[in-house]
Structures are given as structure tokens and as C-alpha cells.
Amino acid sequence: MNTQSLAGKHAVVTGAGRGIGAAIAAALAQAGARLTLMGRNRAQLEAQAGKLATEVHVETCDVTDPENVQRAFGGAACALGDVSILVNNAGQAESQPFTKTDLGLWERMLAVNLTGTFLCTQAALPGMLGAGWGRIVNIASTAGLKGYPYVSAYCAAKHGVIGLTRSLALELARKNITVNAVCPGYTQTGLLEASLAQIAQKTGRSTEEARAELTRANPQGRLVEPQEVAQAVLWLCLPESAAINGQAIAIAGGEV
Ligand code: NDP
């Protein structure tokens, strides 16, 4: 790979302050892209921006809020030009048995994981259409490809992300814009640590027992690293990946 394959491209990564989003931002920056980092926590975003050896802009943005999203994408375009790469990574995972899944939890999961992806894509797409080039990568999950117990709202939202991906990919197929989803299995991040704590608290098991159970779900017997997800995203964003469209690619050691 040409190490500056994304030189001149402006990439927006949502939820870029930590975890998988931070790894994605680092991989895109290494390939020469200019970056806008979005998320709700400015201090975390700025700390992350300081680690990247490229032109970086920071926008605080709650992806569930349409006005926030409009303002943030307007600011990003003013700072670094039209967005050519959008990575919809911001997400949250709350677990409850279905009988305890109230409307609030259901709506929170749909809002951040699915509606956030919709809103950010609507905000970035006009610039891509104008430029005649674009890459959209949605960070779904293996929970978008199969069911898991106790996370029905999260699973429904991530299945929705994959449906949106497949549909939009067909709509944009002749516009030089690709739309793909990346579906990590259990990945070593803060989100996973929070899930382990929740499982331990609800089942009375230790966090290490909970970790061992999630690790067993991966046929490779390990957790995925954020950098492994980031490399798949980078590959989808390369100019050479133009024929890969509408796919949902599992990064899960063979779990799916
Ligand atoms: P983290 O909790 O480490 O990071 C989540 C990121 O999303 C944070 O940067 C957070 O920033 C941001 N975020 C959360 N809510 C919002 C919001 N309303 N608006 C803007 N940003 C928001 O999680 P991961 O890195 O693990 O997760 C990243 C993505 O990967 C998610 O979509 C998740 O569903 C998916 N995924 C993760 C897996 C795992 O095992 N870790 C497995 C499969 C998929 P801030 O709080 O500052 O807003």
C-alpha cells in the first residue's frame, strides 16, 4: 500500500476519542488523511488529536441530536473542506433481558447506533456527491449479523445499520461512493469493560469469568484488538477498494 494513499482526503470519525474510533483515526491519519474527530467529550478528543501527525480538527457532537450534527459537520467542512470519508463509529451497548428492556433503553440504543449513523451520513453525503468520490464505513457489530441474548435493542439497532448500509450502497453505486459495514466481535475497549462489569454485577460471576466467556465466543480464543478493526476500515477507504460495496465484514476470528 502507498503509505500516503489517503493524502488530500478529509475523514470524519465519530466517537474518535477512545477505543475503536481512536484506532481508526490513527490508521487514517497514518495513510495521510486529514481528520475531524467527533464525540461528546472535547478533552478526550483533543488529547487524541495531539497524538496524530496530520492536520486535525475537533468538533464536539452528540450524534443523536440533529442540530448538533448539522453544526459539527458545518464546522468540519469550514475547517478542512468537504468530507470525503465518513466513519460512523459512535455507539453504545446497554444490556437487559427483553422483559426489562423499557422504551427508554430501546430508544437510546436506536438513537445512538442507528439514527446517529443516519444523521451523520445525511450531513456528509452532499459533499461527497459534489466531489464525485466518497467512502462511508459504518461500524456495526457481529450483533448486526446474528442475535445475542440480553441485548435485543442493541442487536436490532446494529441489524438496522447493516440494512441502511446495504440499501445506501445500491443507491450510490454509480456515484463513485462506497458504503460498507465493519462488524467487530468482542473487542478490547472501554465499552467491553463496561459490559463485563454489567455481566458480573447481574450474574454474581467475577469480571474475569465474564471475560473468559466472551473470549470463548471467538474461535481464536481471544478478544479482537481495536487496531485490527481499524486496518479493515482503512482498507475499505483506499481508492483501490472501489469495487467493495454494500458489504458487512466480520472482524471476529471466525465467530460468524
Ligand atoms: P467506547 O465506549 O470505547 O467508545 C465509544 C465512542 O462513542 C466514544 O468515543 C464515545 O465518545 C462515542 N459516543 C458514544 N455516544 C455518543 C454520542 N451520543 N454522540 C457522539 N459520540 C458518542 O466503545 P468502542 O470503541 O468499543 O465502540 C465503538 C463502536 O464499535 C461502537 O459503535 C460499538 O457498538 C462498536 N462495537 C464494539 C464492540 C466491542 O466489543 N468493543 C464490538 C462490536 C461493535 P463520548 O463518550 O465522548 O461521546
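We count ligands from 1, going down the list as the structure has it; atoms in each ligand are counted the same way. Quick caveat: nothing in here was measured; it's all calculated off a predicted structure. Reckoned from all heavy atoms, side chains included, excluding hydrogens, waters and symmetry mates.
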Protein heavy-atom partner closest to [atom] - residue, atom, separation in Å:
atom                    : answer
atom 44 (C) of ligand 1 : Ala140 O, 3.2 Å
atom 13 (N) of ligand 1 : Ala90 CB, 3.9 Å
atom 26 (O) of ligand 1 : Thr189 OG1, 2.6 Å
atom 42 (C) of ligand 1 : Gly185 O, 3.2 Å
atom 27 (O) of ligand 1 : Leu191 CD1, 3.9 Å
atom 33 (C) of ligand 1 : Tyr154 OH, 3.7 Å
atom 10 (C) of ligand 1 : Arg18 NH2, 3.7 Å
atom 31 (C) of ligand 1 : Asn89 O, 3.2 Å

Backbone, side chain, both or neither: what part of [X] comes under 4.0 angstrom of ligand 1, heavy atoms only?
X      : value
Met38  : neither
Ala22  : neither
Ala93  : neither
Lys158 : side chain
Thr187 : both

Worksheet item: Only one of Val12, Ile20, Val63, Val137 forms a side chain to side chain contact (heavy atoms under 4.5 Å, CB included) with Asn89, so which one is it?
Response: Ile20
Looking at [Y] and [X], is there a salt bridge between them, counting it only when a charged N and a carboxylate O are closer than 4.0 Å?
X      : Y      : value
Glu208 : Arg211 : yes
Glu228 : Arg222 : yes
Glu46  : Arg42  : yes

Hey, is ligand 1 close enough to [X] that some N/O pair sits below 3.5 Å?
X      : value
Ser141 : no
Gly21  : no
Val63  : yes
Thr142 : no
Val112 : no
Tyr186 : no

Indicate yes or no: at least one non-hydrogen side-chain atom of [X] is less than 4.5 angstrom from one of [Y].
X      : Y      : answer
Thr64  : Thr115 : no
Met128 : Arg135 : no
Cys183 : Ile251 : no
Leu35  : His57  : no

Atom indices of ligand 1 within 4.0 angstrom of [X] heavy atoms, with elements:
X     : answer
Asn41 : 47 (O)
Gln92 : 14 (C), 15 (N), 16 (C)
Gly91 : 5 (C), 7 (O), 14 (C), 31 (C), 32 (O)
Asp62 : 17 (C), 18 (N), 19 (N)
Cys61 : 19 (N), 20 (C)
Gly19 : 3 (O), 25 (O)

Worksheet item: Is ligand 1 less than 4.0 angstrom away from at least one heavy atom of Thr14?
Response: no
Discussion item. With side chain to side chain donor-acceptor pair (under 3.5 Å) as the criterion, how do Gln48 and Arg18 come out once you've worked through the C-alpha distance, each side chain's angles and the decisive distance to 0.1 Å?
Written reply: CA-CA 8 Å; Gln48 201 51 41; Arg18 62 176 189 269; over 6 Å; no
Worksheet item: Are the side chain of Thr165 and the backbone N or O of Gly246 linked by a donor-acceptor pair below 3.5 Å?
Response: no
Item to complete: State whether Trp133 and Lys175 meet the cation-pi test: NZ (Lys) or CZ (Arg) under 6.0 Å from the six-membered ring centroid, and within 45° of the perpendicular axis.
Response: no
Worksheet item: Any cation-pi pair here, Lys100 with Phe98, using under 6.0 Å and within 45°?
Response: no
Fill in: Residue pair Asn138, Asn88: steps toward the side chain to side chain donor-acceptor pair (under 3.5 Å) verdict
CA-CA 5 Å; Asn138 298 325; Asn88 285 306; 2.9 Å; yes
Practice prompt. Could you walk me through whether Asp65 and Val69 pass side-chain contact (heavy atoms from CB on, under 4.5 Å), step by step?
Written response: CA-CA 6 Å; Asp65 179 335; Val69 170; 5.7 Å; no
Worksheet item: Which is it for Tyr150 and Ile199 under the side-chain contact (heavy atoms from CB on, under 4.5 Å) test, yes or no, and what are the steps along the way?
Response: CA-CA 10 Å; Tyr150 310 119; Ile199 294 170; over 6 Å; no
